[in-house]
Amino acid sequence: MSVPPSRGLDEAIDNLVGTAGHFLAGQDLDGVRRTDATFWQPGRRVVVKDADGPVRRASYRAGWHRLTVRIAALAAAAGGAYGYLHHPDAVTQALTYTSPVAALATAAAGATYQLKTRERRELMREWIEPLHQALAGPLGISKHTGPRTYLHVPMDFTDDHAEIRIDLPPHLSFNRDHIAELVLHKLALQNASFSWRLAGREPHLLVKKKHRPPASLGLNDPDVHELLASVPESAPLIGLGAGRKTVSVDLDHDSPHVLISAGTGGGKSTILRTIACQFLHNGAHACILDFKRISHTWARGIPGVNYCRDIADIHDALLHLGAEGQRRIRVAEQLGDDVLAAEPEQVGPRIVILLEEINATMAQLRRYWEKIRESGDPKTSPAIDALAEILFMGRQVRLHVLLVAQSATARALGGPEMRENFSTRILVRYTLNAWRMLVPEVHPAPKPTRHPGRVQVVLGGTARETQVLNLSEAEARAWAMAGTAGHTSPLTLLKPPAPPQPQPEPESVLEQQRLLPEDEYVGLRAAQHELPGITLAALRWARANDPDFPTPGGKRGAEFLYRLGELRRWARNRPRATAHG
C-alpha cells in the first residue's frame, strides 16, 4: 500500500521541525531523554529504561552547553563553506599549507592529553568503574549511568584529608550498611567514616578517613623517645599506624627477614636507617652492603658496623656471612632447642645485613664472578648462593636480611623461592603490578599515597598503613652509638680461621720464587703465587682487617692492584699465627 505524497511530506516536515526543536533545546536529536539533564542543569543519572548501551557523555551536559557547541560548529562550517565559494584558491592554498601543521599539532595535543590523563584513566579503570559496577544494583540506578556523574573520587582519595562524595538516588531505597561495606572493599579503605546527608533534593554520602596515622613522626615528637627505648630488642619500631598504634616486626617470631619495595625517592634508606640504628642500639652488629656507596654514611665508623662498598668486598662479605651462618647452625644443633629458647645469644650476637638496591647488586655480583671465576669453579656466584642459604637458615641463627628493591622480581632475588622468605614486606609508592606480585593475598590493593613517609606494612596477610619514624642521619648515629660501647667489628666474628703460617724460608729460597719484578702491580689472585704460604683467602682477610696491609695503587676492572714489592714487605713483617696446643 503506497503512502500518499502529501502524507510523506507532512511526516518529513514534522521530523524536521522536531529535530530542529531538539537541536535548539540542546537535547538528543532523536528526541529520547536518556538522562535527567535539563536546559540549565547537567544530568546526574540515566532515566531511560532498557538502554542498549552506555549513554554518551554529551547526554549528561546541560542543554545550553550542547546548544552552544552546536551553533559554534554550524558557524564554523558555514564560514568555511562561504570562504570556499568566494575564494576557492585561497582556501585550497591555506588548507594545503596548514593541514600538515594542524595534523602535527593534533597529534602532539593527543599525546600530551594521554600523558596528562594517564593517572585519571587509571583511577577510572582500577577504582571508579569497579565501584560503579558494585553500587549500581544496590543503589537502584542504571548500570549505563556514567560513573563520574555520581561518584566523585579524587585522585588522592587515600590521602589523609581527601573526601569522597557519592550522590545518592532520591528514593533512598537501599541498605546503608551494605553500601558502606561495598565502598570500603572496592576502594580498599581502612578506618573510614561515613556521613549520610539524606535530606533535600541532593542526598549524598561523604567518606573520609578517621583515626589516621600521624602526618609525620620524628624523634622529638611526644612520647616517641620513650617508645623507641621501650620496644623489644628483636622488634624494632617501624612507625605508627591509625590511632598512633605501634607498628613493628619481631624478627624472632614474625619474620626473620624484611623486604622493602619502593620506587625512587620513596624513602627506602630512611626505613633501613630507622630499623638498623635500633638494632645497633640494642647490641646487634650490622653488615651494610651498599653498592651505591653513599646510602648510609651515618653508619660509617660506628662500632659493630662493617660497611662494604665495592662489589669485591660485598662478594667476600656474603661468603663470610654464609660461613658464619653454617657455623651457627652447627652450634644450634649442639645446644638444642631448650637452650636456644632460653639463651639464643649463645649462637652469636645478632647480625643485621642491610642489602641496598638488590637489582643492581645481584647483577654486579654475577658480572664480578664471571671476571674472577677460574676453570673448575661453579658457574653461579658463590656469594649469591650464600645469600640464598642465609635466607633459608631461619630465626635460630640470628642472621637477618633487610633487603631493598625497586622491583623485587623473582629474577632480581635469585628465584621465587627466595622472595618467599620475606614474610614482612614494606611497600611505598608501589605500582599495582608490584603489589599484585609481592602481596597477592591482600586484595584489593590499597591505592598508594604520595604522603611523605607513608608506607604499607604487610605481615600475615594484613596491610597496615603506617607513618614511618623518620630519624635524621645525626639522630640515627647518636641512637646507635648510645648502645654500642665495647662492640667489636662483625667481621671479627665472620672471618674464617686464620690459615697456619709456615716457618719463614731462607732468603735464598724466597729470591728464587720471585717471578715478577718488585715494581709490578698485581691483583690478589696473582699475588698469592708470589707470596709463599699465603692463600687468596688469607690475603682477602688481611685486606679487610690488617691496618698494615698495603693500599691499592691502581685498578683493573673491578680488581684492585697492589705493588708487588709492598706486598712482599708486608708478607715478611706480618704477625705470625700463635700456636695453640
Side-chain angles (χ1 to χ4, degrees), residues 232-236 249-260 272 275-276 279-280 282-289 304-306 308 313-356 358 361-362 365 369 378 380-405 408 410 412-426 438 459-460 489-497 537:
E233 176 267 339
S234 63
V249 53
D250 193 333
L251 298 188
D252 284 347
H253 297 91
D254 296 331
S255 169
H257 312 298
V258 177
L259 170 63
I260 301 170
L272 279 184
I275 297 175
F279 278 120
L280 290 168
N282 287 305
H285 298 270
C287 188
I288 301 177
L289 310 181
V305 174
N306 179 27
C308 301
D313 293 336
I314 294 174
H315 174 92
D316 293 347
L318 285 172
L319 294 182
H320 292 318
L321 288 163
E324 172 67 9
Q326 293 294 338
R327 183 196 69 79
R328 293 186 176 205
I329 288 177
R330 292 192 294 270
V331 172
E333 288 177 343
Q334 296 172 0
L335 293 174
D337 293 340
D338 294 338
V339 176
L340 281 178
E343 302 177 61
E345 65 278 0
Q346 286 205 31
V347 300
R350 189 184 304 277
I351 299 176
V352 182
I353 305 164
L354 277 67
L355 186 48
E356 276 278 359
I358 186 64
T361 302
M362 294 290 270
L365 285 172
W369 180 242
T380 304
S381 166
I384 296 178
D385 287 342
L387 175 60
E389 291 176 0
I390 293 169
L391 292 175
F392 281 102
M393 283 178 182
R395 304 173 180 85
Q396 290 81 3
V397 298
R398 291 163 63 86
L399 294 179
H400 309 287
V401 178
L402 309 181
L403 185 146
V404 170
L413 299 182
E417 64 281 357
M418 290 180 66
R419 191 170 60 195
E420 293 306 312
N421 287 289
F422 296 92
S423 299
T424 299
R425 303 177 183 186
I426 302 175
L438 294 176
L459 178 62
S489 169
L491 200 57
T492 302
L493 302 168
L494 302 174
K495 67 180 181 181

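In this text, all values refer to a predicted model and were calculated from it rather than measured experimentally. Throughout, numbering of the chain's residues begins at 1 and tracks the sequence.
Residues Met393 and Ile329 form a side-chain contact, since some pair of their non-hydrogen atoms from C-beta on lies under 4.5 Å apart. Proximity of Leu272 to Glu356: side-chain heavy atoms (C-beta onward) are separated by under 4.5 Å at one or more points. The shortest distance between side-chain heavy atoms of Met362 and Leu387 falls below 4.5 Å. In this structure the side chain of Thr361 never reaches within 4.5 angstrom of the side chain of Leu289, judged on heavy atoms. Counting heavy atoms from C-beta on, the side chains of Val404 and Ile358 never come closer than 4.5 Å. Contact annotation: the side chain of Val258 never approaches that of Leu403 to less than 4.5 Å [non-hydrogen atoms, C-beta and beyond]. Residues Asp252 and His400 are in side-chain contact: their nearest non-hydrogen atoms beyond the backbone lie under 4.5 Å apart.
Partners of Asp250 according to the salt bridge (charged side-chain N to carboxylate O under 4.0 Å, His left out) rule, which considers only residues two or more places apart in sequence or in another chain, do not exist here. Considering only residues two or more places apart in sequence or on other chains, Gln396 meets the side-chain contact (heavy atoms from CB on, under 4.5 Å) condition with Leu340. Evaluation of the side chain to side chain donor-acceptor pair (under 3.5 Å) rule for Gln334 yields no partner, not counting sequence neighbours. Contacts of Glu233 classified as side chain to side chain donor-acceptor pair (under 3.5 Å), with partners at least two apart in sequence or in another chain: Arg350. Annotation: side-chain contact (heavy atoms from CB on, under 4.5 Å) contacts of Ala383 (sequence neighbours excluded): His315, Leu318, Leu365, Ser381.
Put simply, CG on Asp385 and CG on Leu319 are 9.5 Å apart, with the number rounded to the nearest 0.5 Å. The distance from atom CG of Asn421 to atom CD1 of Ile390, rounded to the nearest 0.5 Å, is 11.5 Å. For the atom pair Glu333 CD and Arg328 CZ, the distance stands at 15.0 Å (nearest 0.5 Å). Note that the CD1 atom of Ile314 and the CG atom of Leu355 stand 7.5 Å from one another [nearest 0.5 Å]. Distance CD/Glu389 to CD1/Ile384: 12.5 Å, rounded to 0.5 Å.
Pairing each heavy atom of Gly325 with each of Leu399, the nearest pair is CA-CD1, 3.6 Å. When all heavy atoms of Gly322 and Ala386 are compared, the closest pair comes out as CA-CB, 4.2 Å. Contact record, Pro256 with Arg395: CB-CG, 3.9 Å, taken as the closest heavy-atom pair. When every heavy atom of Trp369 is checked against every heavy atom of Thr380, the shortest pair comes out as NE1-O, 3.5 Å. Of all heavy-atom pairs spanning Phe422 and Leu259, the tightest one is CD2-N, 3.5 Å.
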Test side-chain contact (heavy atoms from CB on, under 4.5 Å) on Ile275 and Leu402 and set out the steps.
-> CA-CA 9 Å; Ile275 297 175; Leu402 309 181; 3.7 Å; yes
Leu321 vs Cys287, side-chain contact (heavy atoms from CB on, under 4.5 Å): CA-CA, chis, key distance, verdict | CA-CA 9 Å; Leu321 288 163; Cys287 188; 4.0 Å; yes
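Remark: side-chain polar atoms of His257 are paired, donor with acceptor, to backbone N or O of Val401 under 3.5 angstrom.
The existence of a salt bridge linking Arg327 and Glu324 is confirmed by a sub-4.0 Å separation between a basic side-chain nitrogen and an acidic carboxylate oxygen.
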